Structure formats: structure tokens, C-alpha cells
Undergrad: 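Provided herewith is a single structure, encoded as C-alpha cells, for subsequent inquiry.
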Amino acid sequence: MERISRHRVIGLEREIKSFTDWLEDSNAEPSIFSISGIGGIGKTTLLLQMARTARQSSVRSLWLDGQAGLTTSGAFLASLEMTLATEYGRTRDPESALLPFIVNELQLQRTVLFIDNCEEIEKLEGWLFSRFLSELKSARVLIVCASRNGLPLKWQTNPEWKSQLRRFPLRLFTREEVYDYLGGSGLAAEWQRAIAEKTEGHPLSLALTVDMLLSEPAEERSVWREVPAVLSAEFLREAASPGVYRALTVLSLLPVADENLLNRLLDAPLEGADYYQLRGLSFVRDTVDGISLHQVVARMLRDDFARRNPEQFEAVRHQAFVLLAERFHSVDQRMQMRLSAHILELYREFLPSAHAYANFSSSLKPGEQKPFGQGDLPYLQCFLKASIQGSDWQSELVEPADCPVLLEEIAAHFPEGIFIVRDEKGMPLAFCAGVWLHALSLPLLERYAPGCRGMLGEEAFSLHRLPPEADTIFVLLSAVNSEQSLYRPEELGALLMQQWLVHMTGGLRGILAAGDPQLNSLLSILGFKACGKATGFAGIKLTTWELDFRQTTFDQWIQRIIRQTEIAAGQPTYQREDEVPPAIDRSEMKQILDGLFDPDKLEKLPVIRRLGWSGAQVRAIIQEILADPRSREPLTLLEKEILIASYLRKDRNKNQLAASFHMSRATFYRHMRLAEKHLAIVLSDLMRPGF
């Protein structure tokens, strides 16, 4: 499946240099290079580049392909003999034995033997070590093997060859390398951005996407649907049985799973042999917690699953949400954070793909999580300066002129309040900074954000006695590197929010304030709870938001996400035992909204008569709910905006509405149905006794 791109080879400098070093070393010993990685990551491309380099250096190269059936010593030697004859005119005397002829040829001159697709090399291990390699100890031979899992353990521990073996596990492209690849494609800058954000640095995905776009006029939607399908078919070729195939699609929806967990989501339980085969697949990792899919393969399989059978995909994803919520409190903090990150990944489709602050459509992954160091401060100050100049990202609780000084103070006295997202090289891309609430930090908070006392209310008095071991952070500053060209600011904003959210799920609480309606709507979608009003600098009116994971509130957060997905999945509402079903269903809510400005029509609706309310009362309550600037569980601010635009303003058709919310028509309809459902829940709660 791997193939040569029409573009130059990139991202393989380390491997190429090791290869050329061997070629140029006149005293080089016989060596073995093991090239490994998932399908499409560039193994064959690397071998072909090495073969070209060998020819340019006048070094003989021989090529074998494991897919040609190199499972016996006879087939292995026969393939070598054929290559020597066809490529170099070296033929064997019919009376000479085959093995001595091959060994003699390899000893005559410097040679590189390339073996591609050598997944089944284990079948030849005994013969290779005892008969073939043992004859090459004095030969100037380099054997380059490419396989998905790398050479077996026996090769790495063989006493005679382990010192001559070098392993090269291939990695995904960095964002910089992706743009390097795209630079000569001739595609428009916006197309290059979209490709970089969606291909996740997977070389074959990148090559396929570029080739499709260059070969014929193609709409964005068709490309993003076809590429995952092509690549999923390639990965699923390893799944020899239907049971393994089904298990892979389910595993793509879980961060990690053992056999029992997989069986809870499968229609038919796995056979023991199928689970064993799953563990041996090249893109499946076997860990102490169970098996997990390579992140790129998981994303592609999910995309293909959703394309082939959208209804089943939605249903299984919904089940996965419920299952992960059940597991959360029975696992340790490390696994809790992993579950949180995975839940956000599955939830990505329900988040806005285009937003003033965050673009969740990107598959960007952060670099290594490292704590703040003083060497990071100049970068963060640069981000903050650009943010202030653009009136974006910085806190509205703090005077703009005070922001740089506040960041200096936090870095000097409370550096643990700085959270940084980094690229693959460890360089800062985005950050947020705040103070953990306790007696020592309170003076700093009150000095630079005097409005915080009103936000904290009675809690502010107890903080004067609280020791530094705090569990609540008050976020004051945040900014992204908007001056670099590799990442969109909104893309970094999404990554910063996701990573900070995952950090909070480790049992922490976060507080922040915002006055921007778009940011407020986004915070509502992400599960923040509006808990009051505050006044920022220059009298700006702010909404106070809280995200609290200190005790059992993860359940509320995940249930909210489940409610956001239940309609798409065609599943019944996920409820705790103490929850009461809503008195109004979605279809009745839609009838009420359709007749909102027609009193006679409202009075005739069966749902209105059943509830014993007048049409005017219901209309007044709905208008009050939608006009309230705070969110009301489970109705989000974004859903309020959709309902207002659709049922109150009524100044645009559905296509125009979808475009105004940066959604496809299908996604807009899904959000509309969820908004109607959640408004029905809110209205039902208000109509119950005691409200």
C-alpha cells in the first residue's frame, strides 16, 4: 500500500544518515537495520530511497519482497539468485550448490540486501542464524529489513548479532514536515492548511489526499470520506477473521480495553483466538491495562465506521460514553485522565468545528507535557503581547497594561499555576496562567483582579486561612502563538482548552470569567457551569464559570456529553436512578416552538392542555429561558442561539443558518434536535412542583 510520492522524501534524515554513514565507512562491519512502523508510514519509501543512494554510491543492492513468499530457505535463496542474475548478470554454474554461490557473491563486494514486508521472517530464524548469517561474518553486507512490528525478539537478543542490529521505528510527520511536503504541491494555501490539520502527519494519508486533489476536481467532503476508507481497508487486511474485524471497530471507540470490556460492546463475544490475534496486530499495543489502537489507525477506523454504518456507529459510540462513565471512579488518576482525553476525542464531532476561539476539527496532538521553566517566560510574554494588541485571549478581569507584570509575578512566585501546550520539539505553542487559591496567593489575585472577591463570594473569607495545598485554580491569563504559520490560532485554542480540561478531571476545580458571548457559549458546551456575574476592568460585565472535578462531578460532566449525543445515537436518555423523565418530549417541544407566536394554535396543542398551562404562560417562560444569558442544564448557550435564530428571528433558511453557525446542514440539524430536546427537559423541570 505504501508508494513513492511524486514529492521528495522528507522526515527520514536520521535513517538516511545512518545508512550513508555505513556506505562511506570503509571498515564497516556486517550490520542489520530493522525499519518498523504501521502501514503507510513510509517503510517502503525509505527502502527505495536507500536503494537509490546505494546505486549512486556504486554499492550493489539486492531487493527481496516478503509478499513473494519468502517462507522457506529455498525460496529465500532462489529469490536472491534471480535478483543477482537479472540485475547484475551473475549466474550460477548448474553444478554449484546454491548457498555457497550466494555467500560467495555477497563476500565479493559491498552489498546492501533490502527485505521489504518481512513480517514472516520468524519462519526462517533458525536457518538464517545457523546457516546464512553465520557465513557472512566477514562480508561487507548490510541487511535492511522493513516490517510493521520490527524484527522479532530473538534478533535483538542474539549474542552474535545484537551488537550489529540497529532499530529504526518510524514516526509520524511533524506539522513542519507536512508543510514541507505540501510546499511543492501547487495546492492553494487554504487547502494545504486543511490537509495539514486532517491527515495527522500520516505519510500515506497525506500522499493519498494530495494525489486525489491533484488528479481530479474534488470537493472537500468527498476527499475526507474516501481517504479514511482506503486506509482502513489497508489496516483491516490484517484482520483475518470477522470477529477480529468487528473487535477493531469497537476498539477504535475505546482508549484501552481487555477482552471483557470489548465483549460488553460486541454483539457476539470474541473467541479466545481472536483476542490473541488482536494483540499481535502491528497497530495494536499490548499494555498492562489491555490493548489499544495506534491513535491514527483508531481515528481512521472510526471515520470509516461512521461512513459505512452511521446509525450503528452513533449507537456504539453512545454505549462507549456510558461505559467509560461507569469505569471512571473505579480506576486510578492516571487512567481517569486518559479516559477524559478519549471522551473529548469522541465528543469532538459535537463541538464547533469553526469558532472564534477554538477549532476542534483539527487532529493536532500536543507534545510532551513539561512543567513551566523560566526559559519559557520570554515566549509566553511574546504570545501575551500579541494577544493584548489584538484584544484577544487575555483576561478581562485584569487591566491590559498589568498583564505582563502579572505573568512575571505568577512565574516568580506561583509557577505551578502556568500550564503550557508544546509542539513536538518542546517549544511553547499556547498557555494559560492563574493562581491556585490559598492564603499566600490571595493578595496577588486581589491586587491584579480586584473583581475576583465578588466572584468568590463567601469563599474569599476562608481563603485567608487555606494552606498552599490547594485544589482550585483561578485562571487569569491565556494566549496562543498567533505569529507562527504552522498552526491556526483557533486550532491552538482548542488544544489548550482540551488539555486543560483533561488536567482538571484529575480532581481539580477551575474558575474563570468571560464577557465575550462566543467564548461563553463555548465554555457552556465544554461543561463549564455559569455561577454568577462579575465586573472586570472598565466596568466590563463578565460571566463567572466553574468546572469542578474535585468529588463526583465528573458524572455530571459525562452525562451532559451523553445527553448531547443521545439523539444522534437513537438511544434513550441516560439518567441516574433519581432523575425523573421529562414531562415534554422533543416532538411536543417542536410543536410548541412552531406555534410560539400563534396563541390560538398553542392553546389547541394536546401537550398544553395536558400540562394545564395557558399558551401565553408557556410562551413567556420559553422567552425568559432563551433570553437568560446563563446556561441552564442541559441546554447550552449555543443551543439557545440556534433556537433563537430558528424560531424567534426566522430571518434565514436552514442552509443560511447552518452557514452562520459554521456547520454542515446535517450537523446543524443534529444540534437543532438536541436543542429542542434539552429545552424540553428545562421546561419540564420548571413545570414540576417545587420549581
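For the numbers below, each heavy atom of this structure counts, side chains included, while hydrogens, waters and symmetry mates do not. Only a predicted model underlies this, so the values are computations on that prediction, with no experimental measurement involved.
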Undergrad: Return the CG to OG1 distance between L486 and T174, rounded to the nearest 0.5 Å.
TA: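 The distance works out to 8.0 Å.
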Undergrad: Taking all non-hydrogen atoms of both residues, which atom of E639 and which atom of L674 are closest, and how far apart?
TA: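 Smallest heavy-atom distance, with atoms named: OE2-CB, 3.9 Å.
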Undergrad: Sequence neighbours left out, what passes side-chain hydrogen bond (donor to acceptor under 3.5 Å, both in side chains) with D274? Give chain and number order.
TA: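 Per chain and number, D274 pairs via side-chain hydrogen bond (donor to acceptor under 3.5 Å, both in side chains) with S241.
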Undergrad: What pair of heavy atoms forms the shortest contact from V210 to Y181, and how long is it?
TA: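 Nearest pair, atom of V210 first, then Y181: CG2-CE2, 4.1 Å.
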Undergrad: Would you please name every residue forming a side chain to side chain contact (heavy atoms under 4.5 Å, CB included) with N309, sequence neighbours left out?
TA: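 For N309 the side chain to side chain contact (heavy atoms under 4.5 Å, CB included) partners, ignoring immediate neighbours, are F305, E311, Q312.
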Undergrad: Can you tell me how far CG of L206 sits from CG of L172, rounded to the nearest 0.5 angstrom?
TA: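 Atom-to-atom, L172:CG and L206:CG are 11.0 Å apart.
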Undergrad: So, D423 side chain and L429 main chain: donor-acceptor pair closer than 3.5 Å or not?
TA: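 No: the side chain of D423 does not pair with the backbone of L429.
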Undergrad: For atom CZ of R14, is the number of surrounding heavy atoms from other residues, nucleotides or ligands below 6.0 Å larger than 12?
TA: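 It does: R14 CZ has more than 12 such atoms within range.
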Undergrad: Check the angle between the aromatic planes of F19 and F33 and answer parallel, tilted or perpendicular using the 30° and 60° thresholds.
TA: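 Ring orientation of F19 relative to F33: perpendicular.
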Undergrad: State, yes or no, whether a side-chain contact exists between F114 and V144 at a heavy-atom distance under 4.5 Å.
TA: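 F114 reaches V144 side chain to side chain.
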Undergrad: Would you give the length of the straight line joining atom CD1 of I35 to atom CG of L46, rounded to the nearest 0.5 angstrom?
TA: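 Taking CD1 in I35 and CG in L46, the distance rounds to 5.0 Å.
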Undergrad: Run the side chain to side chain contact (heavy atoms under 4.5 Å, CB included) check on I41 and V296 step by step: do they pass?
TA: CA-CA 11 Å; I41 204 166; V296 170; over 6 Å; no
Undergrad: Where do L262 and A247 come nearest, in terms of heavy atoms and distance?
TA: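 L262 and A247 have their closest heavy atoms at CD2-O, 4.0 Å.
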Undergrad: Could you work out, with side-chain hydrogen bond (donor to acceptor under 3.5 Å, both in side chains) as the rule, every residue matching Q192, not counting sequence neighbours?
TA: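 Listed in chain order: nothing, the list is empty.
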Undergrad: Just to verify, what does Y245 make a side-chain hydrogen bond (donor to acceptor under 3.5 Å, both in side chains) with, not counting sequence neighbours?
TA: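 Residues passing side-chain hydrogen bond (donor to acceptor under 3.5 Å, both in side chains) with Y245: R308.
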Undergrad: Should H342 and L346 count as side-chain neighbours, where that means a heavy-atom distance under 4.5 Å?
TA: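 The answer is yes, as the side chains (C-beta and beyond) meet within the 4.5 Å cut-off.
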Undergrad: Specify the closest pair of heavy atoms between R422 and G426, including all atoms of both residues, with the distance to one decimal.
TA: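 Minimum heavy-atom separation between R422 and G426: NH1-O, 3.0 Å.
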Undergrad: In terms of heavy-atom contacts, does CD of E546 have more than 12 from other residues, nucleotides or ligands at under 6.0 Å?
TA: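 Yes, because the 6.0 Å sphere around CD of E546 holds more than 12 heavy atoms from other groups.
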Undergrad: Any side-chain heavy-atom pair from Q484 and R175 closer than 4.5 angstrom?
TA: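 No; the side chains remain at least 4.5 Å from each other.
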Undergrad: Return the minimal non-hydrogen interatomic distance between F383 and A430, and the atom names on each side.
TA: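 Looking at all heavy atoms of both residues, the closest pair is CE1-N, 4.1 Å.
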Undergrad: Evaluate the side chain to side chain contact (heavy atoms under 4.5 Å, CB included) criterion for residues L281 and I291: first the C-alpha distance (whole Å), next the side-chain angles of each, then the deciding distance (0.1 Å), finally the verdict.
TA: CA-CA 10 Å; L281 297 178; I291 57 175; over 6 Å; no
Undergrad: Backbone N or O of V297 within a donor-acceptor pair of the H202 side chain at under 3.5 Å?
TA: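 Such a contact is absent between H202 side chain and V297 backbone.
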Undergrad: Can you tell if the side chain of I343 reaches within under 4.5 Å of the side chain of F321, non-hydrogen atoms only?
TA: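 Yes. Closest side-chain heavy atoms under 4.5 Å.
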Undergrad: Quick check: do F372 and L380 have side-chain heavy atoms less than 4.5 Å from each other?
TA: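 Contact flag for F372/L380 side chains = yes.
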Undergrad: Quick one: side chains of residues 249-256, donor-acceptor pairs under 3.5 Å with protein atoms, not counting sequence neighbours, listed by atom name and distance.
TA:
{"unit_1": "T249", "atom_1": "OG1", "unit_2": "R246", "atom_2": "O", "d": "2.6"}
{"unit_1": "S252", "atom_1": "OG", "unit_2": "T249", "atom_2": "O", "d": "2.6"}

Undergrad: Say whether, by atom type as modelled, one donor and one acceptor occur between the side chain of D211 and the main chain of L208 under 3.5 angstrom.
TA: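 Side chain of D211 to backbone of L208: no pair is present.
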Undergrad: For F419 and H503, take the angle between the two ring planes, folded into 0 to 90°, and tell me which bin it lands in: parallel under 30, tilted 30 to 60, perpendicular over 60.
TA: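 Rings of F419 and H503: tilted, 30 to 60°.
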Undergrad: Could you check whether any side-chain heavy atom of E197 comes within less than 4.5 Å of a side-chain heavy atom of R488, counting everything from C-beta outward?
TA: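 Yes, at least one pair of side-chain atoms sits under 4.5 Å.
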Undergrad: Atom CD1 of I473 and atom SG of C432: how far apart are they, to the nearest 0.5 Å?
TA: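 Interatomic distance, I473 CD1 to C432 SG, rounded to 0.5 Å: 6.5 Å.
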Undergrad: Mind listing the closest non-hydrogen atom pair of Q295 and E200 along with its distance?
TA: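 That closest heavy-atom pairing would be O-OE1, 4.4 Å.
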Undergrad: Taking everything shown except Y275 itself, do over 12 heavy atoms lie less than 6.0 Å from its OH?
TA: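 Yes, the 6.0 Å shell around OH holds more than 12 heavy atoms from other groups.
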Undergrad: What's the verdict on side chain to side chain contact (heavy atoms under 4.5 Å, CB included) for R299 and E345, showing C-alpha distance, side-chain angles and the deciding distance?
TA: CA-CA 9 Å; R299 179 75 179 273; E345 175 65 22; 3.7 Å; yes
Undergrad: Tell me whether S34 contacts the main-chain N or O of L151 through its side chain, where contact means a donor paired with an acceptor under 3.5 Å.
TA: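 Such a contact is found between S34 side chain and L151 backbone.
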Undergrad: Give the C-alpha distance, both sets of side-chain angles, the deciding distance and a yes or no for side chain to side chain contact (heavy atoms under 4.5 Å, CB included) between L261 and R327.
TA: CA-CA 10 Å; L261 190 61; R327 290 195 66 204; 3.6 Å; yes
Undergrad: Calculate, to the nearest 0.5 Å, the distance between atoms CG and CD belonging to L501 and Q498 respectively.
TA: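 These two atoms lie 8.5 Å from each other.
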Undergrad: Kindly indicate whether the side chain of L547, heavy atoms from C-beta on, has any atom under 4.5 Å from the side chain of K529.
TA: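 A side-chain contact under 4.5 Å is absent here.
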Undergrad: Could you work out, with side-chain hydrogen bond (donor to acceptor under 3.5 Å, both in side chains) as the rule, every residue matching E119, not counting sequence neighbours?
TA: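 By the side-chain hydrogen bond (donor to acceptor under 3.5 Å, both in side chains) rule, E119 matches no residue at all.
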Undergrad: Quick one: does K43's side chain have a donor or acceptor within less than 3.5 Å of a partner on I38's backbone?
TA: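 Such a contact is found between K43 side chain and I38 backbone.
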Undergrad: Should R193 and E491 be marked as a salt bridge (Lys or Arg N to Asp or Glu O under 4.0 Å) after you check the CA-CA gap, both sets of side-chain angles, and the distance that decides it?
TA: CA-CA 11 Å; R193 276 183 176 272; E491 193 181 6; 5.8 Å; no
Undergrad: Side chains of Q336 and T505, heavy atoms from C-beta outward: is any pair under 4.5 Å?
TA: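 No, their side chains stay 4.5 Å or more apart.
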Undergrad: How long is the span from the OH atom in Y179 to the OH atom in Y487, to the nearest 0.5 Å?
TA: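 With rounding to 0.5 Å, OH (Y179) is 9.0 Å from OH (Y487).
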